[in-house]
Amino acid sequence: MEYNFSEIEPRWQKYWREHGVYHVENANEGLSRPHFYVLDMFPYPSGAGLHVGHPLGYIASDIYARYKRLQGYNVLHPMGYDAYGLPAEQYAIQTGQHPAVTTEMNIERYREQLDKIGFSFDWDREVRTCDPKYYKWTQWTFIQLFNHYYDNTLRKAMPTADLEKRFAERGSEGLDAACTEALAFTAEEWNGWDEAKRRQVLMNYRLAYLADIPVNWCAELGTVLANDEVVNGLSVRGGYPVERRLMKQWSLRITAYAQRLVDGLEQVDWTDSLKEIQRNWIGRSEGAAVNFRVEGGEWTMEIFTTRPDTIFGVTFMVLCPEHELIESLTTPEQKAEVEAYVSWAKNRSERERQAEVKRVSGVFTGSYAVNPLTEEKIPIWVSDYVLAGYGTGAIMAVPAHDSRDFAFAKHFGLPIRQVVSLEKDVVSDPAMWTESMDSKTGYSVNSGFVTGMKVKEAMAAVIDKIEALGIGHRTVNYRLRDAIFSRQRYWGEPFPIYYKESKSGASAVPYTIPEECLPLELPEVSDFKPTATGEPPLGHAQQWAWDEANRRVVDKDLIDNETVYPLELSTMPGFAGSSGYYLRYMDPRNDKEYFSEQAVDYWQNVDLYVGGAEHGTGHLIYARFWNKFLFDLGLAKKEEPFQKLVNQGMIQGRSNFVYRSKQDNGLFVSKGLIKNMDDVTPIHVDINIVDNDVLDVERFRQWRPEFAEARFELEEGKYVCGWEVEKMSKSMFNVQNPDDLVARYGADTLRLYEMFLGPVEQAKPWDTKGIEGVHRFLKKFWRLFEGLNDDAPTKEELKVLHQTIKKITDDIERFSFNTSVSTFMICTNTLTELKCGKREVLKPIVVLIAPFAPHMAEELWHQMGEEGTVCAAHWPQYDPQLMAEDTVKYPVQFNGKMRFMMELPASCTQEEAVAAVKAAPESAKWLNGAEPKKVVFVPKKIINIVV
RNA sequence: GCUCUGGUGGUGGAAUGGUAGACACGAGGGACUUAAAAUCCCUUGCCCGCAAGGGCGUGUGGGUUCAAGUCCCACCCGGAGUACCA
């Protein structure tokens with residue numbers, strides 16, 4: 001019988017769906033049943049549908065999930081949609097279609113495409129971030145973040161209620177908490193403040209807080225963006241310019257968790273490169289904070305340095321243009337110049353600033369600081385190469401040992417003094433240097449009491465001294481910024497926040513909606529664009545005010561009523577909904593809690609997470625933070641959410657080109673005939689009308705009206721196209737749609753081929769060429785079952801079987817699915833050669849192939865007369881004796897030197913090995929008839945004979 | 001610049017320090033067929049040779065080892081992340 005995949009696959013997909021084969025219960029056989037949680041990064045359902053790159057990771061995780069299931073694990077393998085996001089809203093603005101409608105359509109299309117590939121997801125657990133039943137818990141978590149602060153002493157999040165009690169008793173005394181700015185006040189002061197003032201103070205500590213902060217404002221998108229959404233001063237989405245602006249925004253105090261985010265990386269099984277990406281993003285650096293006295297004033301300026309050992313080489317100080325001391329430090333003579341510089345620096349766009357990094361600019365304030373260790377007078381400058389957001393926004397400049405300080409000193413003719421030398425006591429004249437000496441190796445020179453010390457020792461000695469003098473201390477700085485959490489958009493989670501006017505006339509005071517009133521549902525709006533007054537789109541919503549007394553959303557017109565207040569108009573960013581979805585899958589239909597304790601106790605955390613590395617500095621940081629916070633609350637059971645993480649490589653497109661002659665617009669020259677690439681224009685051509693880089697010229701003429709009259713210069717009767725690896729995208733005509741391949745070859749072929757393409761982790765271009773080979777293999781495999789019989793298998797056949805079991809098991813364990821497919825091919829070729837159709841051999845192989853080609857396995861399982869589905873079968877065990885090689889090559893040494901390789905039975909003993917070596921003709925030369933003195937035989941390693 | 005990756009035939013890629021190039025694609029040749037599809041068989045790293053056989057080969061140069069694609073050092077070239085982060 002033919003291998004009729006187009007009949008088999010839909011039939012089994014229907015069976016699985018109707019019988020709920022992949023439905024998972026939490027602990028259905030008690031807590032003792034081993035459990036395993038395999039998760040994919042859920043997709044954003046875009047209008048373009050899936051291309052072949054998307055399912056790559058899903059196929060890999062599906063194989064692993066099915067494998068674990070066959071091994072007897074209770075496997076949680078869910079899927080859902082990250083459904084809030086900008087593209088749906090942009091589309092809504094352009095077409096007026098409600099994002100909910102387009103999102104629903106896109107989800108349906110995604111589901112259809114996913115179903116065709118035969119995944120074993122438990123769709124009963126599907127979540128969508130835009131579903132009120134889901135975002136209720138996103139909002140709920142936000143309220144918890146709002147109501148907690150981070151205690152640095154306890155190293156965990158604590159309720160702000162505790163803070164209030166503490167402030168009433170002791171004021172800010174002795175508090176070590178993560179905050180926006182250090183505050184100092186007494187209990188009396190606290191108790192004397194009204195509620196608005198107290199709430200303003202508490203805001204300084206909340207983990208979700210509202211503050212004026214410099215944000216990435218994207219005028220084109222009309223919203224602020226998080227740091228990871230901006231690259232090179234342009235928005236990741238759309239590529240619009242982004243500027244730095246001070247705005248009142250909600251933020252998450254993720255910096256409070258910086259150290260724990262670094263430490264946690266030790267506990268997880270991720271690739272080194274991804275861990276490194278996160279470490280770099282968090283950017284921990286150790287150093288010292290030092291106070292420099294300003295000459296003749298009551299001011300001191302605090303700086304941060306990672307090189308305290310170079311303090312003897314400081315020749316000037318630099319403040320960032322935003323620094324609050326500038327005004328008081330500027331002397332009257334310098335006032336005009338400084339003001340001009342500061343306003344110029346502030347008006348520079350982020351893009352300009354980044355593009356002109358090399359350009360040196362700055363201005364002298366006229367004031368001097370005093371070096372605390374030398375009492376030397378040093379000029380204070382202002383320059384935008386010092387950033388407001390990092391450290392204290394002020395530095396001590398050591399031009400000899402910092403390249404940026406060096407460039408600055410050279411530009412303004414400031415002195416340069418060497419204080420570190422590679423060799424002891426060897427100094428040169430820095431005036432002759434062309435670059436600074438930044439390395440942290442060598443010895444201190446010209447450096448008072450640390451002269452002669454190694455750099456590392458000098459660092460410690462200087463910090464000790466500074467601490468003894470009480471002018472500074474050891475400290476750690478992080479590059480990580482708090483995550484800006486509000487977006488001026490419509491299509492996102494509303495904040496469960498309303499504002500009361502403060503009696504003292506200060507800005508409105510935010511209050512949270514009571515938890516019992518969640519979800520606060522996204523209202524309908526008349527327009528998805530910002531309002532005329534520049535408010536976010538939610539400003540258009542009529543039903544968008546909070547009646548505190550009646551605890552419900554009401555019309556805005558009622559705001560003049562006693563207890564009706566305006567609601568927050570921003571919405572949450574994309575990462576809000578994706579930060580905790582893996583926990584919700586554990587108990588997705590629970591409307592009382594985020595997830596039940598019983599569910600999280602059972603599943604713990606994600607055992608295997610598969611997704612792209614492009615989320616390294618976004619989702620994967622936020623989710624870890626989110627989880628750590630929930631862990632502090634006692635809700636999550638593991639501090640790290642994703643135990644093992646595999647990054648699937650991007651599948652790039654392989655674009656094809658035709659070359660149009662520049663002299664003759666109607667002439668297309670075959671690749672091999674082009675003499676000079678400057679004579680032709682390469683044009684993208686649809687990969688569907690190119691086969692194996694050979695253009696179908698007829699279809700090309702029909703493809704576009706402008707090519708209807710095309711003429712070709714052929715080589716050997718063919719038009720050969722050029723090719724290049726590029727991003728898969730519609731505009732390059734290189735998109736491969738999985739549906740087409742499923743229709744042509746079947747889902748099992750697609751699954752196998754995507755795995756066969758290469759290691760899952762590796763980026764690779766899509767190339768359909770090889771799919772035929774994989775399809776041929778499946779047909780060949782299918783044919784093995786035509787002569788199915790119950791004869792006893794030969795030893796040779798059993799050996800093939802057991803070697804295959806071992807190899808496949810090993811391959812799956814190390815996530816090497818491309819070699820698994822090869823193993824199946826070799827196994828099938830060998831069994832075909834042996835004409836083996838024996839049930840005893842083939843039945844276990846069907847189980848082995850089930851994770852890869854589930855439909856075919858299911859059908860063959862059924863044809864063999866087995867009960868139930870193949871996914872209820874048991875993973876076969878291999879017999880080590882049967883799979884062993886008959887002979888193994890051993891290296892034979894004489895006197896410790898390797899002399900020749902020798903084949904011996906794999907099972908051979910010490911005595912047999914020695915006898916065989918002595919008998920070998922090569923040995924005669926080394927033994928010369930003598931008896932060996934000592935023989936060492938390490939199976940599979942080496943035979944060492946000492947004569 | 002810094003950090004992390006990777007570099008193996010025409011192509012995708014295999015190789016716990018132990019016969020490099022498995023498996024597949026592509027290419028060439030052949031069988032079956034009126035023909036096509038499908039299927040099957042042979043050849044396919046490079047060089048010398050009619051052959052038997054020999055030589056060279058994992059980016060480059062060194063090193064460790066009986067033995068290196070694999071480990072160590074330096075360099076060259078790609079890819080990714082990050083970037084005035086003091």
Side-chain angles (χ1 to χ4, degrees), chain A residues 2 227-228 231-232 271-281 283-285 287-288 303-308 310 318 320 353-354 356-360 383-398 401-405 407-408 435 438 477-481 613-614 616-617 647 649-650 652 654 692-693 723 725 752-753 756-759 761-774 776-777 779-780 783 810 814 816 818-829 832 888-901 903 940-942 944:
Chain A
E2 276 281 287
N227 280 355
D228 67 285
V231 173
N232 290 332
T271 60
D272 289 340
S273 70
L274 187 61
K275 287 186 185 181
E276 206 55 34
I277 286 172
Q278 293 217 335
R279 279 194 203 102
N280 288 343
W281 186 257
R284 180 182 201 276
S285 53
I303 58 99
F304 172 74
T305 178
T306 55
R307 293 295 301 275
T310 61
V318 187
C320 64
R353 207 184 58 72
Q354 293 198 0
E356 298 169 11
V357 160
K358 293 261 146 57
R359 186 166 149 190
V360 179
S383 174
D384 66 353
Y385 85 87
V386 174
L387 303 179
Y390 186 78
T392 58
I395 61 155
M396 62 177 211
V398 185
H401 304 289
D402 181 284
S403 50
R404 293 148 307 176
D405 298 345
F408 195 83
E435 57 179 13
D438 294 10
N477 243 299
Y478 300 92
R479 219 186 55 123
L480 186 72
R481 290 291 110 80
E614 65 273 19
T617 54
N647 290 123
M650 244 217 311
Q652 298 133 310
R654 188 180 186 278
N692 206 4
D693 289 342
W723 61 272
V725 172
L752 244 55
Y753 184 57
F756 187 65
L757 224 44
E761 300 88 338
Q762 197 174 297
K764 59 223 151 202
W766 177 264
D767 192 343
T768 310
K769 263 195 306 201
I771 199 167
E772 293 279 354
V774 172
R776 263 198 284 274
F777 151 69
K779 285 198 274 192
K780 210 164 170 182
R783 254 179 275 132
D810 289 352
R814 53 189 187 105
S816 177
N818 55 330
T819 54
S820 311
V821 179
S822 297
T823 306
F824 282 126
M825 287 176 174
I826 295 166
C827 167
T828 303
N829 287 343
T832 303
V888 179
K889 282 212 171 177
Y890 295 94
V892 178
Q893 298 187 354
F894 284 92
N895 297 329
K897 294 271 179 191
M898 194 276 195
R899 301 304 176 186
F900 59 90
M901 297 290 292
E903 239 176 61
K940 281 233 165 186
K941 269 285 170 212
I942 211 156
N944 190 1

Between [atom2] on [N] and [atom1] on [X], what's the gap in Å once rounded to a whole number?
{"X": "A:Glu772", "N": "B:U39", "atom1": "CD", "atom2": "P", "value": "8 Å"}
{"X": "A:Arg654", "N": "B:C25", "atom1": "CZ", "atom2": "P", "value": "16 Å"}
{"X": "A:Leu274", "N": "B:U82", "atom1": "CG", "atom2": "P", "value": "12 Å"}
{"X": "A:Arg284", "N": "B:A86", "atom1": "CZ", "atom2": "C1'", "value": "16 Å"}
{"X": "A:Arg783", "N": "B:A38", "atom1": "CZ", "atom2": "P", "value": "12 Å"}
{"X": "A:Lys769", "N": "B:U11", "atom1": "NZ", "atom2": "P", "value": "10 Å"}
{"X": "A:Tyr753", "N": "B:C23", "atom1": "OH", "atom2": "P", "value": "18 Å"}
{"X": "A:Asp402", "N": "B:C2", "atom1": "CG", "atom2": "C1'", "value": "14 Å"}

Exercise for review: Select from A:Glu276 and A:Thr819 the residue whose nearest nucleotide in RNA chain B is closer to the 5' end of that strand.
Suggested key: A:Glu276
Exercise for review: Please tell me which of A:Pro765 and A:Thr306 maps to the more 5' nucleotide of RNA chain B, matching each residue to the nucleotide holding its nearest heavy atom.
Suggested key: A:Pro765
Review point. Between A:Val360 and A:Tyr385, is any pair of side-chain heavy atoms under 4.5 Å apart?
Key: no
For atom [atom1], what is the distance between [N] and [M], given to the nearest Å?
{"N": "B:G26", "M": "B:G21", "atom1": "P", "result": "22 Å"}
{"N": "B:G10", "M": "B:C73", "atom1": "P", "result": "31 Å"}
{"N": "B:U8", "M": "B:C4", "atom1": "C1'", "result": "22 Å"}
{"N": "B:U70", "M": "B:G61", "atom1": "P", "result": "13 Å"}
{"N": "B:G57", "M": "B:C47", "atom1": "C1'", "result": "10 Å"}
{"N": "B:G45", "M": "B:G13", "atom1": "C1'", "result": "15 Å"}
{"N": "B:U16", "M": "B:A67", "atom1": "C1'", "result": "16 Å"}
{"N": "B:G78", "M": "B:G59", "atom1": "C1'", "result": "10 Å"}

Within the 4.0 Å heavy-atom criterion, would you say [X] contacts the bases, only the backbone, or no part of the nucleic acid?
{"X": "A:Arg776", "answer": "sugar-phosphate"}
{"X": "A:Val821", "answer": "nothing"}
{"X": "A:Leu387", "answer": "base"}

Nearest non-hydrogen partners of [X] and [Y], listed with the distance:
{"X": "A:Ser822", "Y": "A:Phe756", "result": "OG-CE1, 3.6 Å"}
{"X": "A:Leu757", "Y": "A:Asp767", "result": "CD1-O, 4.3 Å"}
{"X": "A:Met396", "Y": "A:Arg307", "result": "CE-O, 3.6 Å"}
{"X": "A:Asp405", "Y": "A:Val398", "result": "OD2-N, 2.9 Å"}
{"X": "A:Cys320", "Y": "A:Leu387", "result": "CB-C, 4.0 Å"}
{"X": "A:Val774", "Y": "A:Tyr753", "result": "CG2-CD1, 3.7 Å"}

Point to revise | Side chains of A:Ser816 and A:Thr819, donor plus acceptor under 3.5 Å | key: yes
Closest to side chain of [X], choosing from [options]:
{"X": "A:Asn280", "options": "B:A83, B:C40, B:U3", "answer": "B:U3"}
{"X": "A:Tyr390", "options": "B:A83, B:A14, B:A86", "answer": "B:A86"}
{"X": "A:Gln762", "options": "B:C4, B:U39, B:G13", "answer": "B:G13"}
{"X": "A:Thr617", "options": "B:U82, B:C4, B:A15", "answer": "B:U82"}
{"X": "A:Ile826", "options": "B:U5, B:C23, B:A15", "answer": "B:C23"}
{"X": "A:Pro759", "options": "B:U39, B:G13, B:C23", "answer": "B:G13"}
{"X": "A:Asn829", "options": "B:U3, B:C23, B:U82", "answer": "B:C23"}
{"X": "A:Lys779", "options": "B:U39, B:A15, B:A86", "answer": "B:U39"}
{"X": "A:Ile277", "options": "B:C4, B:G81, B:U39", "answer": "B:G81"}
{"X": "A:Ser822", "options": "B:C23, B:U5, B:U82", "answer": "B:C23"}

[X] side chain N/O closer than 4.0 Å to the phosphate oxygens (OP1, OP2) of [N]?
{"X": "A:Arg814", "N": "B:U16", "result": "no"}
{"X": "A:Asn818", "N": "B:G12", "result": "no"}
{"X": "A:Ser285", "N": "B:A86", "result": "yes"}

Identified pairing partner of [N], criterion: Watson-Crick or G-U wobble below 3.5 Å:
{"N": "B:U3", "answer": "B:A80"}
{"N": "B:U19", "answer": "none"}
{"N": "B:A38", "answer": "none"}
{"N": "B:C56", "answer": "B:G45"}
{"N": "B:U65", "answer": "none"}
{"N": "B:G10", "answer": "B:C25"}

Study note, to complete from the structure: Interatomic distance, OG1@A:Thr617 vs CG@A:Leu274, rounded to 0.5 Å, equals 9.5 Å
Exercise for review: Name the orientation of the base relative to the sugar in B:G53: syn if the glycosidic angle is within 90° of 0, else anti.
Suggested key: anti
